[in-house]
Amino acid sequence: MTAAAPGPTRRQGDPLKIVLPLVVFAAAIAAWEAVVRIEGIPPYILPAPSLIARTLVTDWPLLSASLLTTLETTITGLVLAVCGGVLLAVLLSLSKVVEYSLYPFAVVLQVTPVIAVAPLLLIYMPQDVAVLACAWLVAFFPVLSNTMLGLQSVDRNLMELFELYGAPASRSAAARFGARLKALWYLRRPAALPAFLAGLRIAGGLSLIGAVVAEMAAGSAGAGSGLAYRIIESQYRLNIPRLFAALVLLALTGIGLFLILAWLNHILLRRWHESALAPDI
Amino acid sequence: MTQLPSALVSLRDVTKVFPNGVTALAGFDLDIVAGEFVSLLGPSGCGKSTVLRLIAGLAQPTEGSIAWPGSTGDDHRGEIGFVFQDPTLMPWSSTADNVWLPLRLRGVSRRDARDRIAESLALVGLSDFAKAYPRELSGGMRMRVSIARALSLRPRLLLMDEPFAALDEIARFRLNDDLLRLQAELRCTIVFVTHSVYESAYLSSRIAIMSGRPGRIVAEIRGERPGERPKDFRTSARFAELSGRISQILLQQTPEERP
């Protein structure tokens, strides 16, 4: 990505932290504009930032529709990944049998590069479903593995305390399962929250990547209107300003997702977790 | 040894072998009488903590018996409070919610538990910190919360596993005094695991000294009666003599460990 991320907007404390990146960013844009104008670089090689901005405005109807499509895929993929990942992580944490039999498959899904799977998915599924499946596929694993790690990271002494105060007197299987559910709710769920949120932040970025990769794989095959498809299309038509405009929108989408998830992280953990104290956005 | 009629818990000929083959305890006998303050003292790795876990029912003895002569029923967990070496608080919960945990697990709602939580926090002098989170407290205060949590069920027996080992000396002295005051107020029985000779001499009405692994009781020393200590107890001849005797017996146990 050529365009640098603008500085985060909401950050208390040192104003330099906001001002400095903004100044550097503005300077980089100005230098870019100057070089293009002085050297007279044609727009099909490198468009000036002003031209990209103008393209954004003139092509807005087309680009906004694409943006919406990509956003929809990304967010739906992320939501499904969170639902599936958390559900599976809970199941795996409740039963070793389930963990041993299913976890390896999740790893295989993860380590297979999604770009290699995308064409296959496009053969088996309608295109929009295939794109969604790609976004889901890449976002699923970080949620699963981080949630699992979190669920297992309860203080051992706390679990003993739980056994001392909370375990049922009877030793029947149902009672033991009930105690596990109770431990899950009272201890594992809150203990897993920081790791889950870290996984969510990774998954947010990855689901966007998954959506883009799938759109690109699908784009050459025909219909499609996501931002990544616009990029491929603009490349074929040598409409470089529009390519840059679509790229800017993609970058902004990624930044927006990251900021929202970081903010969520901060809100949920600020009272008790060390990570939420250090300004690390 | 015959079983004392007033014994609260009595461990008889207890052997504990861990799954990895290590024998932690062998032929371990101990009677805990109601109202006592018993310290378990011994070289590291002698199975002190294992004794506490056995009494709490967190582990089962390989051989031997653990009986509660004075009470009926098999489930004694409601009568036990447990304090670990770490405060082991839930970092995501406020002080009050941490104290609530044992009651909550027993199905007591937050509203019904409110008085009990406030009482427990008052006992350890933390009434003003009910809304604070563990992160915002000092090490000594966290340990106080942990004690308040153990007291929230008003246990007859308080088991403490080196609770003050990680604290600085000033905080430890203060907590020692508070613990003796709490015991006098609540009339509970305390079994206290420590590796500090001085702490055991200061606190205990009885000091049980264990051998190296596999652990068993090799000597019992009578300490001061339960209750608060006079201000100058730490500098008294009685305290020095007690500490001296404990140290001597303890030293006889260590050479066996490292020849």
Side-chain angles (χ1 to χ4, degrees), chain A residues 96 146-147 149-172 174-198 200 264-280, chain B residues 49-50 52-60 73-95 97-108 113 131-137 142 145-146 149-153 155 157-163:
Chain A
K96 282 270 172 248
N146 274 276
T147 310
L149 177 77
L151 288 173
Q152 284 160 0
S153 69
V154 183
D155 191 328
R156 205 174 52 87
N157 283 340
L158 266 178
M159 289 306 283
E160 296 222 307
L161 208 65
F162 183 86
E163 203 182 311
L164 183 66
Y165 294 126
S170 85
R171 291 270 155 210
S172 70
R176 276 215 306 273
F177 186 72
R180 273 192 187 178
L181 283 184
K182 227 169 158 186
L184 180 75
W185 186 254
Y186 287 139
L187 296 181
R188 292 188 190 275
R189 179 187 54 98
L193 193 60
F196 163 75
L197 287 169
L200 187 63
L264 190 71
N265 189 65
H266 179 72
I267 290 296
L268 289 175
L269 298 183
R270 70 193 151 153
R271 279 308 297 267
W272 65 275
H273 202 259
E274 301 298 333
S275 73
L277 301 176
D280 65 336
Chain B
S49 304
T50 309
L52 287 196
R53 292 171 48 82
L54 288 172
I55 297 174
L58 290 171
Q60 299 304 319
D74 289 337
D75 195 6
H76 302 282
R77 290 175 304 184
E79 306 173 76
I80 293 173
F82 207 115
V83 178
F84 297 96
Q85 182 174 354
D86 303 316
T88 48
L89 303 176
M90 301 178 291
W92 56 83
S93 292
S94 68
T95 300
D97 284 342
N98 267 292
V99 175
W100 177 34
L101 180 75
L103 294 161
R104 187 186 191 191
L105 290 174
R106 304 209 145 232
V108 182
K131 290 203 171 72
Y133 279 70
R135 184 173 59 70
E136 299 157 351
L137 303 176
R142 283 182 213 175
V145 178
S146 189
R149 178 179 63 191
L151 294 176
S152 68
L153 286 178
L157 180 61
L158 190 57
L159 305 173
M160 309 183 85
D161 189 357
E162 299 189 24

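Below, read A as the first sequence line, B as the second, and so on, with proteins coming before strands; counting in each chain starts at 1. Any value given below was found using the heavy atoms of this structure, including those in side chains, with hydrogens, waters and symmetry copies removed.
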Of all heavy-atom pairs linking A/Trp272 and B/Pro91, the shortest is CB-O, 2.8 Å

Quick check on B/Phe84 against chain A: is it the side chain, the backbone, both or neither that has a heavy atom closer than 4.5 Å? side chain

Can I get a per-line list of side-chain donor-acceptor pairs under 3.5 Å for residues 153-162 of chain A, giving both atom names and the distance, sequence neighbours left out?
residue  : atom : partner  : partner atom : Å
A/Ser153 : OG   : A/Gly150 : O            : 2.8
A/Asp155 : OD1  : A/Asn157 : N            : 2.9
A/Glu160 : OE1  : B/Arg53  : NH1          : 2.4
A/Glu160 : OE2  : B/Arg53  : NH1          : 2.4
A/Glu160 : OE2  : B/Arg53  : NH2          : 3.2

Would you mind checking which part of B/Gln85 comes under 4.5 Å of any heavy atom in chain A, side chain (CB onward), backbone (N, CA, C, O), both or neither? neither

Search all heavy atoms of B/Arg135 against all heavy atoms of A/Arg270 and return the closest pair with its distance. NH2-O, 3.7 Å

B/Ile80 and A/Tyr165: which non-hydrogen atoms are nearest, and at how many Å? O-CE2, 3.5 Å

Per-residue contact mode, B/Leu89 against chain A (heavy atom under 4.5 angstrom): backbone

Going by residue number, which parts of residues 182-189 of chain A are within reach of chain B, meaning a heavy-atom gap below 4.5 Å? A/Lys182, A/Tyr186, A/Leu187

